[in-house]
Amino acid sequence: MTSLSRDDVAKLAGLARIEMSDEELVALSNEFTVILDAVARVQEVAGADVVATSHPLPLCNVFRPDVVIPSLSPADALSGAPAQEEQRFRVPQILGEE
Amino acid sequence: MSLTYDDVVAKYEPVLGLEVHVELNTNSKMFCGCSTIFGAEPNTQTCPVCLALPGALPTVNEKAIESTIKIGLALNCSIAPFSRFARKNYFYPDMPKNFQISQYDEPICVNGYVDVEIETDEGPKVFRIEVERVHMEEDTGKSLHVGGATGRIHGAEYSLLDYNRAGIPLVEIVTKIVPGTGKYAPEVAKAYVAELRDILRSLGVSDVKMEQGSLRCDANVSLRLIGSDVLGTRSETKNVNSLRSVERAIRGEMIRHAERLNNGERVVQETRHFQEDTGLTRSGRSKEQAEDYRYFPEPDLVPVAPDAAWIEQLRAALPERPSIHRKRLQEQWAVPDKEMSAMINADVLDVVEATVALGADPAKARSWWLGEISRIANEKDVAVKDLPISASDVAEIVALVNAGDLTDKLARQVVEGVIAGEGKPSAVIAARGIKVVNDDSALMAAIERACAGQPETAQKVRDGHLPAAGALIGMVMKDTKGQADAAKVRSLLLAHLGQSEG
Amino acid sequence: MSSKLASGEISSVELTQQHLDQISAVDKDVHAFLHVDTEGALAQAAAVDAKRKSGAKLSPLAGVPLALKDVMTQKGIPTTCGSKILEGWRPPYDSTVVVNLKKNDIVILGKTNMDEFAMGSSTENSAYGPTHNPWDLTRIPGGSGGGSAASLAAFEAPLAIGTDTGGSIRQPAAVTGTVGVKPTYGGVSRYGLVAFSSSLDQAGPCARTVLDAALLHEAIAGHDPKDSTSINAPVPAVVAAAKSGNVKGMRIGVVKELNGDGYQKGVRKLFEESLELLAAAGAEIVEVSAPNFEYALAAYYLIAPSECSSNLARFDAMRYGLRVGDTDGASAESVMNLTREVGFGREVKRRIILGTYALSSGYYDAYYGSAQKVRTLITQDFDKAFEKADVLVSPTCPTTAFKIGEKANDPLAMYLNDIATIPVNMAGIGGMSLPSGVAEEDGLPVGFQIMSPVMKDDRMYSVGAALEAALLSKWGAPLLSTIPALAGSK
C-alpha cells in the first residue's frame with residue numbers, strides 16, 4: 001500500500017509553492033493513500049515494451065517563420081499587474097539566488 | 001597557507017566541464033513572434049506567450065532550429081533524427097511560466113568535439129574537447145533589484161521585472177568531462193571558449209559578445225589526486241564574462257579546491273560566482289540539494305524530426321572551420337606565429353583579412369590594424385572592432401600611400417580623422433586639406449627658407465655632417481604643415497647642399 | 001433561430017435581449033453565469049443587425065447568442081476559470097475560439113460557471129458557488145462545464161462553448177439533456193484556452209440539437225498557427241453529416257467494458273433502447289472489446305494532474321491575478337506560497353500535489369511514465385475497435401445527476417463519473433453526448449455517447465442526428481420541452 005506521510009506532502013507543497021496548513025497536509029496524506037493505490041494500477045500493464053505516447057496525434061515539425069509580429073502594448077502587458085513601477089512589474093523582494 | 005598554482009598541479013589533476021550558453025541572433029523570440037532587438041523600453045516586446053498569460057501557447061522559431069543544427073554540425077555532432085522539447089519546472093519571478101521550455105533526454109545534437117591547440121612546454125599540443133550535447137531553450141526576463149546596496153539581490157526591498165528578454169532563443173553547449181589537461185586546464189578552457197566563439201561567429205548565428213551576455217560560460221571544476229580515477233567533488237562557477245575570466249576562474253578554483261583538500265576539508269558541491277575584481281569566486285546557491293526539475297515532454301509542442309536532406313544542405317553550406325581558415329591565412333601571408341597570435345588576441349584577424357581582400361598588401365594591412373589603430377583603441381579603452389573605421393577605409397588609405405598621395409605621417413592623420421567621425425578618408429582629406437606637397441619648386445622654396453633661417457646648420461651639412469640635416473628637414477616639415485614627404489625633402493635638401501644620400 | 005434572423009422576422013438585438021431577460025429571470029436560481037456582458041452583447045447584436053441590413057453575406061449563425069465557458073479568454077471581459085486566483089482578471093487578448101465566434105458574428109452573452117480550472121465533474125468546485133441543474137435545482141449540472149450545459153437547458157442561451165479534458169462537455173450534456181461534442185484533439189485551437197491538461201484539453205460546441213452543435217463546430221474549428229498541436233487539415237463535414245443523419249450500413253460498436261454493474265439501471269435501459277432505434281434506422285450493431293479501458297481512469301488521474309501542476313505554476317501573484325500577503329518585509333516566495341494557498345480551491349491543490357508527486361524524480365517511471373504507456377494501449381484498443389466498427393457507443397456516464405454535496409467529500413467516487421468519457425480524451429478521438437431520454441427511476445436526463453476516429457467527427461454527427469430524429473419521432477417533441485419550468489422563466 002503506497003502512502004504519503006504528512007511530511008512527504010509538505011515537501012511536495014514546498015515544490016509546488018503552496019503554503020498548506022497542518023490540517024490540509026494531514027488530510028491530503030490520508031486521501032493520497034487511496035488515490036495512489038488506484039492510480040498505481042497503471043504499472044500492471046505498462047510493460048517495458050510499450051512506447052509512451054505524449055501526443056495523441058503523430059504530428060511533428062510544426063514551425064513558425066522567424067518573422068517579428070507586433071507585441072502587446074506595455075499598457076496591455078501590464079494590465080493585470082498587481083503592482084507596477086516604471087513600466088515594469090513590481091514584485092516583493094526575491095530571496096532565492098539568480 | 002596559500003598554495004601556488006604549481007603546488008596545486010604537482011599534486012592534483014583537474015577535471016573540467018564547460019557549459020556555454022549562446023544567444024541566437026534570430027529576429028523573433030524562440031517561442032513567439034516578439035522582437036529580439038536589444039535595448040528596447042521595458043515590457044514593449046512582450047505578448048501573451050512570453051508573459052505566460054493564461055491560455056497562451058508556444059510556437060517554435062524555424063530559424064532557431066536551423067541555427068542550432070548548424071552549430072551542432074560545426075561541432076561535429078550527430079543531429080538527432082527525433083528530438084523533443086521538455087519542461088524544466090522551477091519557480092522564479094523572471095521565468096513567467098515558472099517552467100522553462102528546454103530539452104532533456106532527447107536533445108537535438110549529441111556527441112561532437114572541438115579541437116583546440118595551445119602552447120605547452122613541449123610545443124604546440126592539440127586537446128580534443130568532447131561535446132556531450134547541444135540543445136535549445138529560452139532565456140528569462142531581467143530583474144532590477146531596488147533598495148539594496150549596489151542593486152544586488154541581497155538586501156533589496158523589491159524588484160522590478162522586464163520581460164523583453166524572456167523567451168530569447170538560447171543554445172546550450174555542454175561538454176563531456178574533460179580530464180587530461182593537467183596544468184594547462186585554464187588555457188585549454190579559454191581556448192575552447194574562444195574557438196567556440198569563433199565558430200559561432202563564422203556561422204553568423206550569434207553576436208557572441210561575452211561582455212554583453214550573448215555568450216555565457218559556466219565552468220565546472222573538480223580535482224583528483226594525480227593517478228587516481230576517482231572524481232572529486234565539483235563546483236560550478238557562473239558570471240564568467242570574458243575569455244580572460246574563464247582562465248582566471250578555473251585557475252582560482254583549482255587553487256581553492258586544493259587548499260581545502262590539503263586542509264582535510266571537503267569541497268562543497270555548489271554554484272559560485274566569479275568576482276572580476278578579485279579573480280576569486282564567492283559562494284552562491286548550494287547544489288547539495290539538487291532541485292527536482294520534474295522534467296516531462298512539453299505537451300504544447302510536437303517533436304522535431306529534421307529532414308535528412310535539409311541537414312546535408314546545411315552541412316554543405318558550413319563555412320571553413322576558423323582554425324583551418326587561420327592556418328591558411330598564415331601560410332598565404334607568411335606570417336610568423338607570434339604575429340598571428342597578436343592578431344588573434346587583438347581580435348583583428350577578420351578585419352585584416354577584409355582589408356587584404358580589398359587590395360591592400362597583407363603586411364601593410366596588419367601594420368595599420370595592429371599598430372596605429374590598436375594604439376588608438378587602447379587609448380580609448382575600447383575594442384578595435386568598436387572603432388568607427390572599416391576595412392575599406394584602411395584599404396583606401398593604404399592605396400593612397402602606395403600611390404604617393406599620402407605619406408605615412410599624413411595617413412596617420414587621416415586615420416585619426418576617420419575615427420574622430422569626420423567621415424570617410426576622402427572627406428577627411430578634403431576637409432583638413434591634407435595633401436602631399438609634391439611640387440618641387442614649393443619644396444625648394446621651403447628648403448631655401450629653412451637654410452636661410454639656420455645658416456650654421458646648413459653649413460654643417462655642406463661640410464659633410466649629414467645628421468645635422470634632420471633639424472632642417474624638421475623646419476621644412478613645419479613650414480609645409482607636415483604635408484611634405486620627408487624622404488623627398490631630405491633628398492632635395494642634401495642635393496641642394498651639395499651632398500648625396502649618405 | 002438563424003432562419004428567423006435571416007428572414008428579418010427577428011433582429012439580433014431582440015433575440016439577444018430575450019435571452020438577457022431570461023438570464024435575469026432564472027439565473028439567480030440556476031447560477032449558470034459568472035459574468036453577463038449586457039452592454040457588449042447588445043452592441044455586438046446591433047452591429048450584426050447593421051451588417052445584415054447593409055446586405056453583407058453573413059454566416060449561418062450570425063446574430064445568434066452564445067454562452068462561453070469562463071476558461072476561454074475574451075479580451076476585456078472578466079475570465080476567472082471558476083477560481084479566486086483570477087478574480088477580476090481581464091485578458092488583453094482573445095482566444096482563437098472567440099476570434100472565430102466574432103468572425104461568424106455570433107453574439108457572446110457572457111461567461112459561464114465551471115469547476116475551478118476545469119477540474120471536476122459537478123461544478124461544485126467553482127470558487128463562486130455551484131451551478132444548479134435546471135431539471136432539478138438541488139442537483140448538479142455535471143462538470144466541469146456545468147454552467148454552459150445549464151444555460152442551454154434553462155434556455156438562457158441557444159448555443160454554448162465548453163471544454164472537455166476527461167468528459168467536461170459530454171457529462172454535463174448527459175445530465176442536463178443537451179448535446180455536447182468534444183472534437184478530435186487538435187480540431188479546435190487551444191490558444192486562449194486556459195490550460196488544465198494540455199494533451200487532453202479541447203474546446204467544443206454545446207447546443208440543444210445535433211445540427212446546432214454541427215453549425216457551431218464548423219464555426220470554431222480549424223487549423224491555428226498559434227497552436228502547434230492543432231491539425232492542419234479541413235474541418236470534417238459535420239454540418240452535412242448532421243443534416244443527412246444517414247446511418248444505413250454503418251457499423252456501430254458497443255464497447256463491452258463501458259457498461260455493466262456500475263451503471264444505473266435506467267441509464268442502461270435507455271442505452272439499449274437507443275441501440276434498437278439505430279438498428280431500425282439501418283445500422284449494424286456489433287460488440288467490441290477494449291480491455292485496456294479499465295486502466296484509463298488511473299492513467300488519466302496521473303497525466304492530467306501532472307500536466308496541470310506545471311500549467312498552473314504561472315499563477316504566482318507576480319504578473320496578474322490575486323496577490324495576498326504583500327506586507328512589509330514579505331518576500332516574493334512567501335507571497336507566492338500564500339496566494340496559491342488562498343487562491344486555489346481544494347480539488348485544484350489536491351491535483352497539483354498529486355501531479356508534482358507523479359513527476360518527481362524517482363517516481364516518474366512508475367507514475368507519469370507508466371500512464372503515458374497506458375495511453376498507447378488505449379489508442380491501440382480504439383484502433384482495433386475501429387477496424388470492426390465505424391463509430392463506438394456507450395452510455396455517457398454511469399448515473400444521472402446526483403444531489404449537490406452528495407459526492408463532494410469522496411474524490412474517487414467523483415472521479416468515477418468520467419469512466420466512460422475519459423478513454424476518448426486519452427486517445428484524442430472525437431466524442432459526442434446527446435440525450436437518450438430520462439431515467440425511469442428518477443426522471444432525470446441520460447446521455448448516449450458516440451465516439452468517432454481521429455478526424456472523422458462527421459460520423460458522430462450522422463449517428464447523432466439519426467438517433468435524435470428517431471427519438472423525436474418516438475417522443476413527439478424534444479426532450480427539453482418536458483423540463484419543469486423554472487420560476488420566472490420567459
Side-chain angles (χ1 to χ4, degrees), chain A residues 2 4 8-9 11-21 24-25 27-28 31-32 34-59 62-65 72-73 75-83 89-96, chain C residues 89-90 92-93 185-186 199 225 228-229 231 292 295 297-299 301-302 309 313 316-323 326 329-338 340-341 344 349-350 352-354 356-358 360 366-367 369-377 379 411-412 426-429 454:
Chain A
T2 343
L4 283 183
D8 291 332
V9 180
K11 274 210 191 84
L12 294 170
L15 275 179
R17 297 295 189 272
I18 303 178
E19 175 152 330
M20 287 190 169
S21 67
E24 275 184 283
L25 291 171
L28 270 179
E31 284 166 11
F32 276 167
V34 180
I35 295 177
L36 285 175
D37 274 343
V39 302
R41 302 194 62 220
V42 298
Q43 294 173 51
E44 288 170 29
V45 280
D49 53 328
V50 183
V51 174
T53 302
S54 55
H55 277 110
L57 310 163
L59 292 172
V62 176
F63 301 137
R64 163 183 59 86
L72 286 176
S73 69
D76 275 347
L78 290 154
S79 61
F89 294 85
R90 181 182 157 141
V91 308
Q93 54 164 328
I94 303 169
L95 292 181
Chain C
W89 181 60
R90 289 176 189 255
Y93 78 103
Y185 179 87
S199 68
S228 303
T229 59
I231 296 178
N292 290 298
Y295 301 98
L297 196 67
Y301 280 101
L302 286 169
S309 69
D316 63 0
M318 301 291 118
R319 286 161 301 285
Y320 44 79
L322 186 71
R323 178 185 284 187
D326 192 3
S331 66
E333 288 81 357
S334 68
V335 165
M336 234 188 252
N337 291 352
L338 194 54
R340 289 162 66 80
E341 161 65 9
F344 287 141
K349 283 187 277 193
R350 185 181 287 129
I352 289 176
I353 299 294
L354 182 54
T356 305
Y357 180 65
S360 303
Y367 292 112
S370 298
Q372 294 286 46
K373 288 182 174 184
V374 169
R375 216 166 165 169
T376 305
L377 295 171
T379 304
L412 268 185
M426 297 292 270
I429 63 171
V454 167

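Everything numeric here is computed off the predicted structure, so don't read it as measured data. Chain naming here is simple, since letters A, B, ... match the order of the sequence lines and numbering starts at 1 in each.
For chain A, the nearby part of C:Ala427 is the backbone; its heavy atoms alone come within less than 4.5 Å. Looking at C:Ala317, only its backbone comes within 4.5 Å of chain A, counting heavy atoms on both sides. Looking at C:Ser228, both its backbone and its side chain come within 4.5 Å of chain A, counting heavy atoms on both sides. Interface residue C:Ile352: only side-chain heavy atoms are found under 4.5 Å from chain A. In this structure, no portion of C:Ala313 lies under 4.5 Å from any heavy atom of chain A. Looking at C:Asn292, only its side chain comes within 4.5 Å of chain A, counting heavy atoms on both sides. Looking at A:Leu72, only its side chain comes within 4.5 Å of chain C, counting heavy atoms on both sides.
One finds the CG atom of C:Asn337 at 8.5 Å from the CD1 atom of A:Ile18 (value rounded to the nearest 0.5 Å). Rounding to the nearest 0.5 angstrom, the gap separating the CE atom in A:Met20 from the CZ atom in C:Phe344 is 10.5 Å. Here the straight-line distance linking atom CE of C:Met336 with atom CD of A:Glu19 works out to 13.0 Å at 0.5 Å rounding. Rounding to the nearest 0.5 Å gives a distance of 12.5 Å between CG of A:Asp76 and OH of C:Tyr93. In this structure, NZ in C:Lys349 is found 8.5 Å from CG in A:Leu28, a value given to the nearest 0.5 Å. We find the CZ-CZ distance between C:Arg323 and A:Arg90 to be 8.5 Å, quoted to the nearest 0.5 Å.
When side chains are defined from C-beta on, C:Ser331 does not count as touching A:Pro92, because their heavy atoms never get closer than 4.5 Å. Here the side chains of A:Ile35 and C:Tyr301 are not in contact, with every heavy-atom distance at 4.5 Å or above.
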- When you look at C:Ser334 and A:Leu95, which way does the side-chain contact (heavy atoms from CB on, under 4.5 Å) test go after all the steps? CA-CA 9 Å; C:Ser334 68; A:Leu95 292 181; over 6 Å; no
- Show your reasoning for whether side-chain contact (heavy atoms from CB on, under 4.5 Å) applies to C:Tyr357 and A:Leu36. CA-CA 10 Å; C:Tyr357 180 65; A:Leu36 285 175; 3.7 Å; yes
- Pair C:Tyr367-A:Val42, side-chain contact (heavy atoms from CB on, under 4.5 Å): steps then yes or no: CA-CA 7 Å; C:Tyr367 292 112; A:Val42 298; 5.5 Å; no
- Item | A:Arg17 vs C:Glu333, salt bridge (Lys or Arg N to Asp or Glu O under 4.0 Å): CA-CA, chis, key distance, verdict | CA-CA 8 Å; A:Arg17 297 295 189 272; C:Glu333 288 81 357; over 6 Å; no
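Among C:Tyr295, C:Tyr185, C:Trp89, the residue with the largest count of heavy-atom pairs under 4.5 Å with chain A is C:Tyr295. When C:Thr229, C:Val454, C:Thr379, C:Leu338 are compared by the number of non-hydrogen pairs under 4.5 Å with chain A, C:Thr229 comes out ahead. Of all the listed residues (A:Val45, A:Leu59, A:Val62), the one sharing the greatest number of non-hydrogen pairs under 4.5 Å with chain C is A:Val45. Put simply, of A:Val9, A:Leu15, A:Val51, the one with the most heavy-atom pairs under 4.5 Å next to chain C is A:Val51. Ranked by non-hydrogen atom pairs under 4.5 Å with chain A, the options C:Gly186, C:Gly428, C:Ser370 are led by C:Ser370. Of all the listed residues (C:Val374, C:Ile231, C:Leu302), the one sharing the greatest number of non-hydrogen pairs under 4.5 Å with chain A is C:Leu302.
Minimum heavy-atom separation, A:Ala52 to C:Gly369: CB-O, 4.4 Å. Nearest heavy-atom pair, A:Pro82 versus C:Gly321, reported as atom, atom and distance to 0.1 Å: CG-O, 3.8 Å. Closest non-hydrogen pair, A:Ser21 versus C:Glu341, comes out as N-OE2, 4.3 Å.
Counting only residues at least two apart or in different chains, salt bridge (charged side-chain N to carboxylate O under 4.0 Å, His left out) contacts with residues 39-52 of chain A comprise A:Arg41-A:Glu44, A:Arg41-C:Glu294.
Side-chain atoms of A:Gln93 come within 3.5 Å of backbone N or O of C:Gly329 as a donor-acceptor pair.
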